Visitor: 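Starting off with a structure, shown below.
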Amino acid sequence: MEVIDRQQALLTNYEALVVLTEDDEQQQQQQKQHHEKVPENVTTLKFEAITYLKEMPCASQTPEQIAKLKTELAAYELTTAEILQIIDLRPKSLVELFVIVEEIGERYTEEEMEQMVAIIREILVCNEPQENDSMEVDGTA
C-alpha cells in the first residue's frame, strides 16, 4: 500500500496499523535482499507506533466491522471526525459518547444516543477485560 497524498483522507487506528505493519514487512524484505541500512530513528518510531497500536482496540478490529459500523451510523449524520473517533476509541457508555460527539445533547435524543452505543457495542465487540469501577461489598477497593 502506498500513500499518494498524505492529506487526502483521515485514517483510523486500524488503517494506520495496517499501513505501518505492511511497510515494516516490506522494509525488512528489502533490507535482507539489498542489505540497505534504514535510519535507526525511523525504525524506532515505526516499532513504537506498531507496539502502541497493537495494544489498542484497533488490533482486534476488521475491515468488515469498520464498514458495517459506518453503514449503521450513517443514519445519525455524524461527522467524519466523530466516526473516526468512535472507531478508534470504541465508546461503551453514554459518557464516553458525550466526549466524542460534539453537541450530542442538542443533536440527538437520549434514545438515539443509547441506540448508537448499542450499535457500537454490537459491531465492535470488545475482547478486552472489563474494568470494575465499583467498590467491593466489604468496602475495600
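Starting from 1, each residue takes its place in the sequence as its number. Bear in mind that the values here come from a model prediction, so they are computed numbers and not experimental data.
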Visitor: Given Ile119 and Glu122, is the side-chain contact (heavy atoms from CB on, under 4.5 Å) satisfied, shown in steps?
Guide: CA-CA 5 Å; Ile119 290 168; Glu122 176 187 327; 5.7 Å; no

Visitor: Main chain of Asn13, side chain of Asp88: is a donor-acceptor contact present, judged purely on distance under 3.5 Å?
Guide: yes

Visitor: Determine whether Arg121 and Arg90 make a side-chain contact, defined as any pair of heavy atoms from C-beta on separated by less than 4.5 Å.
Guide: no

Visitor: Give, for atom CG of Leu78 and atom CD1 of Ile86, the distance between the pair rounded to the nearest 0.5 Å.
Guide: 5.0 Å

Visitor: Return yes if some donor-acceptor pair links the side-chain N/O of Ser60 with the main-chain N/O of Pro57 below 3.5 Å, else return no.
Guide: yes

Visitor: Is the shortest heavy-atom distance from the side chain of Tyr76 to the side chain of Val101 under 4.5 Å?
Guide: no

Visitor: Do Ile87 and Gln61 make a side-chain contact, defined as non-hydrogen atoms from C-beta onward lying under 4.5 Å apart?
Guide: yes

Visitor: Taking Thr12's backbone N and O only, do any of them form a donor-acceptor pair with Glu15's side chain (distance below 3.5 Å, no angle check)?
Guide: yes

Visitor: Output all residues satisfying salt bridge (Lys or Arg N to Asp or Glu O under 4.0 Å) with Lys46, sequence neighbours left out; order by chain, then residue number.
Guide: Asp23

Visitor: Start with the C-alpha distance between Ile83 and Lys70, add both sets of side-chain angles, then the distance that settles side-chain contact (heavy atoms from CB on, under 4.5 Å), and finish with yes or no.
Guide: CA-CA 7 Å; Ile83 292 173; Lys70 286 180 179 179; 4.0 Å; yes

Visitor: Are Pro91 and Ile100 close enough that some pair of their side-chain heavy atoms sits under 4.5 Å apart?
Guide: yes

Visitor: What distance do Leu53 atom CG and Cys58 atom SG have between them, rounded to the nearest 0.5 Å?
Guide: 5.0 Å

Visitor: Could I get the full list of side-chain hydrogen bond (donor to acceptor under 3.5 Å, both in side chains) partners for Tyr52, not counting sequence neighbours?
Guide: none

Visitor: Can you sort out the partners of Glu82 under side-chain hydrogen bond (donor to acceptor under 3.5 Å, both in side chains), two or more places apart, ordered by chain and number?
Guide: Thr79, Arg107

Visitor: Step by step, would you call Leu20 with Asp24 a side-chain contact (heavy atoms from CB on, under 4.5 Å)?
Guide: CA-CA 6 Å; Leu20 287 170; Asp24 191 46; over 6 Å; no

Visitor: Side-chain contact, heavy-atom cut-off 4.5 Å: Thr71 with Lys68?
Guide: no

Visitor: Kindly say whether Glu103 contributes a backbone atom to a donor-acceptor pair with the side chain of Glu106 at under 3.5 angstrom?
Guide: no

Visitor: Rounded to the nearest 0.5 Å, what separates atom CE in Met116 from atom CG in Leu97?
Guide: 5.5 Å

Visitor: With a 4.5 Å cut-off on side-chain heavy-atom distances among I, L, V, M, F, W and Y, is there a chain of contacts connecting Leu84 to Val99?
Guide: no

Visitor: Could you measure the distance from the OG1 atom of Thr80 to the CD atom of Gln85? Nearest 0.5 Å is fine.
Guide: 11.5 Å

Visitor: Drop me the distance from Glu72's CD to Ile120's CD1, to the nearest 0.5 angstrom.
Guide: 11.0 Å

Visitor: Do any N or O atoms from the side chain of Gln65 and from the backbone of Ile123 form a donor-acceptor pair under 3.5 angstrom?
Guide: yes

Visitor: Indicate the atoms forming the closest heavy-atom contact of Thr21 with Leu17, along with that distance.
Guide: OG1-O, 2.7 Å

Visitor: Would you find a donor on one side and an acceptor on the other, under 3.5 Å apart, between the side chain of Gln26 and the backbone of Glu22?
Guide: no

Visitor: Donor-acceptor check, side chain of Tyr14 to backbone of Ile66, threshold 3.5 angstrom: yes or no?
Guide: no

Visitor: Within a 6.0 Å radius of atom CD on Glu114, are there more than 12 heavy atoms belonging to other residues, nucleotides or ligands?
Guide: yes

Visitor: Say you draw a straight line from CG of Leu73 to CD of Gln115; how long is it, rounded to the nearest 0.5 Å?
Guide: 11.0 Å

